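As structure tokens, the structure follows; a few thoughts come after it.
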Number of protein chains: 2
Amino acid sequence: MTYCYEYPHPAVTTDIIVFTVQKGRLKILLIKRAREPFKDTWALPGGFMKMDEDACDCALRELEEETGLKDVYLEQLYTFSTVNRDPRERVISIAYFTLTPSEAITLKPDTDAAEAAWFDMQDLPNLAFDHGEILEMATERLSAKMTYSTIGLQFMPAKFTLSNLQNVYEATANKPLDKRNFRKWILSLDLLEETGEKFSDGPQRPAMLYRLKDPNSVDIF
Amino acid sequence: MTYCYEYPHPAVTTDIIVFTVQKGRLKILLIKRAREPFKDTWALPGGFMKMDEDACDCALRELEEETGLKDVYLEQLYTFSTVNRDPRERVISIAYFTLTPSEAITLKPDTDAAEAAWFDMQDLPNLAFDHGEILEMATERLSAKMTYSTIGLQFMPAKFTLSNLQNVYEATANKPLDKRNFRKWILSLDLLEETGEKFSDGPQRPAMLYRLKDPNSVDIF
DNA sequence: TATTATTTGTGTATATTCGACACTATATTA
DNA sequence: TAATATAGTGTCGAATATACACAAATAATA
């Protein structure tokens, strides 16, 4: 079956940058390509858009198919349309990014992806296509949004300590933050509430667990 | 001649929001559609992407073809991909916006556009397709960027007074600004320099004309 | 040529925000 | 019960942002 048009049409894909913070380090999710082109090269998850879905739905579907991740918050990053960015045919890609908690995510690569894994941002492999460029833009955008929005809260699991949260901000900013100032600031935003529960994983004073008052909101300051 | 693919492909267009400030009012450029669908309805300039150009080049080309505007600074806004946003076929649109000085721009509509005109943002007609939604997002983005970048300087002609510039900021913010604070702020950015020339259009003290030190830069604070 | 009208251009004082900084509290483990 | 490790808390000075009023310069007019 072929699909014919009076004028030439590009193929359209989505690519998704999945950020997380593990052990105080910013990481992204990559898949190893199972097919040509760039077979066996690490790449961003993503794939071709279908005619009955919009780009955001496509990104959600591909992300679940290739990595098992679902129900994530997606934000459109940019559309990449350089003429020869794909050796097969003219392909434009609508890139999205998402932030996810670092909790046990069972990665389930499917047929398009031989393997899925988290990579430290400081230790990345060469990426297929122009995915290096896409990732660079995503990283800049993430850094920027961390400073002028509440997007960073999307990294958090259901319950977390203020130290957990500070670690996330330190990982994305790549610098240490003052504990008292950080707590003053984040609490002044009035987005967190105490759960009443406490948590400790060592010989120390346990920390109050907090949760988001409104888990799905992202606000601009 | 037809173009055939193994899988269905969407058509790809660009749409461009052109902002300017005239007499202290924020305006945008619209064209009246010369063809179906939405014949005789006002719409954003734009059109189908060719296979040998990227989306930004397409936007620049369409803008010049439909309005005569060229050499503008374009910024990608968002990609709109709702399934039925165009009645003809599946079309996704990569939207760009640009800011241009209000100086005499000779609008030269071509065959795709019957007419091109500036519209006050407070007095807009109904727009074709989902262009109303696109414009709404562009307006929000412009307002936001005016506050955290130097994008506003793109509205200015080669030479301008500080009062001209303040008018631009007041038009986009939709509120009056304090003259002394505005001047202190804009001069502290170290982006302007005096031309030495003065300008007056009435029975009053003439104002110093300034120019941009670096006309093409857009900085984030 | 003096007066009027109109816009330009300038400084200070106050309020608010940001940033630096150190010790006590509380639990676990040895 | 002593040692260890992280949690949790407040103040002061610096920097920044905000509010606010009048003299200067020119063109038009009387």
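Both backbone and side-chain heavy atoms feed into the values below; hydrogens, waters and symmetry mates do not. Keep in mind that what you see is a predicted model, and the values were worked out from it rather than measured. Numbered from 1 within each chain, the chains take letters A, B, ... in sequence-line order.
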Summary of protein contacts for nucleotides 14-26 of chain C, nucleotide by nucleotide, where a base hit scores B, a sugar-phosphate-only hit scores S (4.0 Å, heavy atoms): -----BBBB--BB
Expressed as a whole number of angstroms, how long is the span from [X]:[atom1] to [N]:[atom2]?
X: B:Gln166; N: C:dT7; atom1: CD; atom2: P; value: 13 Å
X: B:Phe160; N: C:dT8; atom1: CZ; atom2: P; value: 14 Å
X: A:Met208; N: D:dG8; atom1: CE; atom2: P; value: 7 Å
X: A:Leu165; N: D:dG8; atom1: CG; atom2: P; value: 12 Å
X: B:Ile186; N: C:dT10; atom1: CD1; atom2: C1'; value: 17 Å
X: A:Asp201; N: D:dT6; atom1: CG; atom2: C1'; value: 9 Å
X: B:Phe182; N: C:dG11; atom1: CZ; atom2: P; value: 18 Å
X: B:Arg183; N: D:dA19; atom1: CZ; atom2: C1'; value: 17 Å

B:Gly46 backbone acceptor or donor facing B:Glu66 side chain under 3.5 Å: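 At least one qualifying donor-acceptor pair exists.
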Residue closer to the 5' end of DNA chain C, B:Leu162 versus B:Pro203 (nearest nucleotide):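 Taking each residue's closest nucleotide, the earlier one in sequence belongs to B:Pro203.
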No-hydrogen, no-angle side-chain donor-acceptor test under 3.5 Å, B:Ser93 and B:Thr13: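 A donor-acceptor contact under 3.5 Å links the two side chains.
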Find out whether [X] and [Y] are in side-chain contact, i.e. whether some heavy atom of one side chain is under 4.5 Å from a heavy atom of the other.
X: A:Thr139; Y: A:Ile17; value: no
X: A:Tyr148; Y: A:Ile220; value: yes
X: B:Leu189; Y: B:Phe221; value: yes
X: A:Arg211; Y: A:Glu193; value: yes

Short side-chain N/O contact to C:dT8 OP1/OP2 from B:Ser163, under 4.0 Å: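 Answer yes for this pair, as a side-chain N or O of B:Ser163 is under 4.0 Å from OP1 or OP2.
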